[in-house]
Amino acid sequence: MDELIERIRKHVVEEGDCWNWTCALQSCGSVPTMNYKRKVGAVRRFILLERGVDLGKRLASYTCGNPLCVNPEHVAPASRRAVQVRSAKEIAYQTSPLRRKKLSDNARKRAKLTPELARQVREADGTQDSIAARFGISKATVSAIKQGKIWKDYTNQFAGLVQ
Ligand SMILES: [Zn+2]
């Protein structure tokens with residue numbers, strides 16, 4: 001067991017109580033995987049087997065809600081059914097209205113440019129870097145506004161002609 005723990009510890013980054021696995025993950029999903037005693041398998045499974053746990057049909061799972069965690073203290077067997085329910089919940093959240101709302105809120109936060117702000121950017125002096133920092137937008141956006149590629153000024157017929 002100690003040998004296994006020692007090897008695992010070399011490949012983790014601690015985050016709170018959790019040991020986040022930094023090596024291989026099984027291709028389908030995010031199951032920490034390693035080569036131990038000439039077998040490739042799930043890290044958490046190795047831990048439970050070393051501990052003498054008879055998994056039977058159960059899976060080696062985690063109790064801390066962190067799929068990357070391999071802290072032996074957070075590893076426990078779980079039924080296939082329980083794991084399925086949990087991943088169904090995770091998938092449901094990915095596609096839920098709640099998450100969509102969160103994403104669109106974020107998009108709205110990003111899209112904080114208004115015609116007025118664009119006008120200020122157009123008239124701002126200084127390097128594009130400093131303007132970008134001042135308005136909290138990207139340098140590419142500043143450049144595009146300055147060149148009249150986006151947020152064109154239609155309020156003045158001469159806009160864009162004189163620079
Ligand atoms: Zn954990």
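Please read all numbers here as calculations on a predicted model, not as lab measurements. Note: hydrogens, waters and symmetry copies are ignored here, and every other heavy atom, side chains too, is used. In each ligand, atom 1 is the first atom listed, and ligand 1 is the first ligand listed.
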Given the rule in the side chain to side chain contact (heavy atoms under 4.5 Å, CB included) test, do C18 and H74 qualify, once you have shown the distances and angles that lead to the verdict?
-> CA-CA 8 Å; C18 288; H74 299 178; 3.7 Å; yes

Side chain to side chain contact (heavy atoms under 4.5 Å, CB included) between V12 and T22: does it pass, once the steps are laid out?
-> CA-CA 5 Å; V12 300; T22 59; 5.7 Å; no

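Under a 4.0 Å N-O distance rule, the pair E123/K146 does not qualify as a salt bridge. R9 has a carboxylate O that lies under 4.0 Å from a charged side-chain N of E14, or vice versa, which qualifies the two as a salt bridge.
For the side chain to side chain contact (heavy atoms under 4.5 Å, CB included) with F135, the lone residue among T141, V142, I145, L117 that qualifies is L117. Each of L68, I5, N66, V75 was scored for a side chain to side chain contact (heavy atoms under 4.5 Å, CB included) with W19, with one residue passing: I5.
Atoms of the protein (N, O or S only) found under 2.8 Å from the Zn ion (ligand 1) are C18 SG, C64 SG, C69 SG, H74 ND1.
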